[in-house]
Number of protein chains: 2
Amino acid sequence: MSETRETPELWLHNQICFAVHSTAHAFTAAYKPHLDPLNLTYPQYLVMLLLWEKDDQSVSELGKPLFLDSGTLTPLLKRLQATGYINRTRDHNDERVMRITLTDAGKTLKQKAVCIPHEMLETMGMSVEQVMALGQDVRKLGQALRSDAGSRS
Amino acid sequence: MSETRETPELWLHNQICFAVHSTAHAFTAAYKPHLDPLNLTYPQYLVMLLLWEKDDQSVSELGKPLFLDSGTLTPLLKRLQATGYINRTRDHNDERVMRITLTDAGKTLKQKAVCIPHEMLETMGMSVEQVMALGQDVRKLGQALRSDAGSRS
DNA sequence: ATCAATTAAATTGCACACAATTAAATTGAC
DNA sequence: GTCAATTTAATTGTGTGCAATTTAATTGAT
């Protein structure tokens with residue numbers, strides 16, 4: 001009685017959104033065996049990537065490229081601090097901002113992490129060119145979704 | 001000192017994984033204005049899609065295509081029940097399985113939901129063909145990630 | 001028929017993610 | 001200089017998502 005044969009646009013597996021959603025989770029699961037030995041979750045790994053690119057950033061500087069706010073980052077950063085990879089200290093010039101810096105352990109960790117992207121590439125079973133092209137398309141889609149949301153104000 | 005110029009493979013924005021991850025969140029945010037009026041979250045919407053395709057499914061039947069287990073689904077389904085869209089009743093033949101069925105309100109809701117995919121397509125700013133092609137590539141990537149995880153046992 | 005696997009959900013504990021509110025510091029208009 | 005906006009994090013509350021354990025029901029080997 002509640003058939004969907006007449007509304008194929010509602011089929012779960014037709015929806016690109018679900019493809020992106022479930023592939024994101026598959027990525028997190030695929031990263032897990034690589035990140036567990038480093039005592040990092042995937043979101044924590046993303047923060048570490050940013051700090052390895054540029055040490056000493058504020059919470060909002062880290063949040064901007066990740067599209068995350070302090071509600072998510074504050075507890076995550078406290079866990080990274082507890083693990084011993086980062087320091088959290090107030091900026092002396094502006095006591096509002098929290099400066100995030102790498103500890104020695106956090107800097108050393110980078111050496112163990114450099115091989116992960118290559119290992120993940122093998123897991124994906126794609127060439128570098130294919131990955132770059134697909135990544136570009138997915139990024140463009142993400143930008144379209146975010147810019148449209150902004151146009152609604 | 002902690003420069004990453006020599007390790008571009010660690011740049012956040014080179015990583016397809018982050019593109020997929022952040023686009024998934026952008027999707028959830030873009031769906032929100034469409035789903036709020038229906039009193040649904042995005043994961044709840046996915047469950048409703050499955051039930052609109054085929055009413056009367058067990059928790060594990062719903063979980064298989066979504067890659068979710070009872071740990072996630074049980075509380076989610078209880079919320080859908082509290083909202084009044086589904087019934088949760090034990091199977092009479094096998095008291096272990098919980099049968100999920102649509103209420104009248106849940107069936108009626110489908111009419112309000114059919115327009116969402118089309119509205120989202122406009123938000124994405126892509127043709128149907130482009131969306132289908134990209135969806136196919138992303139799905140294939142997700143399958144590769146999951147099958148490799150399975151080969152590790 | 002009985003009891004050890006097996007199966008299906010539920011539960012518990014931890015870690016995001018986001019909206020909304022709060023708190024503290026800074027800036028700026030006057 | 002003072003006080004109202006603004007800015008930066010932190011906090012609170014809700015909702016996933018997943019691993020690991022628990023509970024209850026069923027199956028199967030004997």
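Quantities reported herein were computed from a predicted structural model and do not represent experimental measurements.
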**5'-most by nearest nucleotide on DNA chain D - A:R90 or A:H21** = A:R90
**Prompt:** Does a distance-only test, which skips hydrogens and angles, find a donor-acceptor pair under 3.5 Å between the side chain of A:R96 and the base of C:dT26?
**Reply:** no
**Message:** By nearest atom, which of the nucleotides D:dA9, C:dA10, D:dG17 is closest to the A:V97 side chain?
**Reply:** D:dA9
**Of the listed nucleotides C:dA10, D:dT16, C:dA15, the one nearest the side chain of B:V59** = C:dA10
**Message:** Could you check whether any side-chain N or O of A:T72 sits under 3.5 Å from a backbone N or O of A:L68, counting only pairs where one atom can act as donor and the other as acceptor?
**Reply:** no
**Message:** If the cut-off is 4.0 Å, is B:S60 near the phosphate of C:dA9, judged by side-chain N/O to OP1 or OP2?
**Reply:** yes
**Message:** Would a single hydrophobic cluster contain both B:L121 and B:L35, if residues Ile, Leu, Val, Met, Phe, Trp and Tyr are joined by side-chain heavy-atom contacts under 4.5 Å?
**Reply:** yes
**Message:** I'd like to know if A:E53 and A:K110 make a salt bridge, using a cut-off of under 4.0 Å between side-chain N and carboxylate O.
**Reply:** no
**Message:** If you only use heavy atoms from C-beta on, which nucleotide in C:dC18, C:dA10, D:dT16 is closest to the side chain of A:D69?
**Reply:** C:dC18
**Item:** Residue whose closest nucleotide on DNA chain C lies nearer the 5' end, B:R99 versus A:H92
**Value:** B:R99
**Message:** Measure CG/B:L77 against C1'/C:dA8 and give the value in whole Å, please.
**Reply:** 13 Å
**Message:** For A:R99, run the side chain to side chain donor-acceptor pair (under 3.5 Å) check against A:D56, A:D55, A:T89 and tell me which one passes.
**Reply:** A:D56
**Prompt:** Among C:dC16, C:dA25, D:dG15, which nucleotide sits nearest the side chain of B:T41?
**Reply:** D:dG15
**Message:** For B:D36, is the CG atom crowded, meaning more than 12 foreign heavy atoms sit under 6.0 Å from it?
**Reply:** yes
**Request:** Could you say whether A:L73 or B:S70 is positioned toward the 5' end of DNA chain D, judged by the nucleotide with the nearest heavy atom to each?
**Result:** A:L73
**Message:** Whole angstroms only, please: what is the CG-C1' distance between A:D36 and C:dC14?
**Reply:** 13 Å
**Request:** Mind listing the closest non-hydrogen atom pair of B:G142 and A:T23 along with its distance?
**Result:** CA-OG1, 3.6 Å
**Fill in**
Within residues 78-88 of chain A, the residues having a heavy atom closer than 4.0 Å to DNA chain C are A:R79
**Item:** Whole-Å distance separating the NE2 atom of A:H25 from the C1' atom of D:dT16
**Value:** 8 Å
**Message:** For B:H34 and B:Y45, I'd like to know if the aromatic rings sit close, meaning centre-to-centre distance below 6.0 Å.
**Reply:** no
**Message:** Expressed as a whole number of angstroms, how long is the span from B:R146:CZ to D:dC18:P?
**Reply:** 10 Å
**Item:** Sugar-phosphate only, base, or nothing, as touched by A:S58 at under 4.0 Å among non-hydrogen atoms
**Value:** sugar-phosphate
**Prompt:** Taking the side chain of B:L68 as heavy atoms from C-beta outward, which of D:dC18, D:dA9, C:dA8 is closest to it?
**Reply:** D:dC18
**Request:** Grab the CD-P distance between A:E95 and C:dA23 for me, whole Å please.
**Result:** 19 Å
**Request:** Say whether, by atom type as modelled, one donor and one acceptor occur between the side chain of B:Q130 and the main chain of B:S127 under 3.5 angstrom.
**Result:** yes
**Spacing of B:L35 atom CG relative to D:dG15 atom C1', expressed in whole Å** = 14 Å
**Prompt:** Rounded to the nearest Å, what distance is computed from the CE atom of residue A:M98 to the C1' atom of nucleotide D:dT11?
**Reply:** 13 Å
**Prompt:** Which nucleotide, D:dA10, D:dA25, C:dT26, lies nearest any side-chain atom of A:D94?
**Reply:** C:dT26
**Asked** Once you round it to whole Å, what is the distance between P of D:dG17 and NZ of A:K32?
**Response** 17 Å
**Message:** For A:T72 and A:N93, find the nucleotide of DNA chain C closest to each by heavy atoms; which residue's nucleotide sits nearer the 5' end?
**Reply:** A:T72
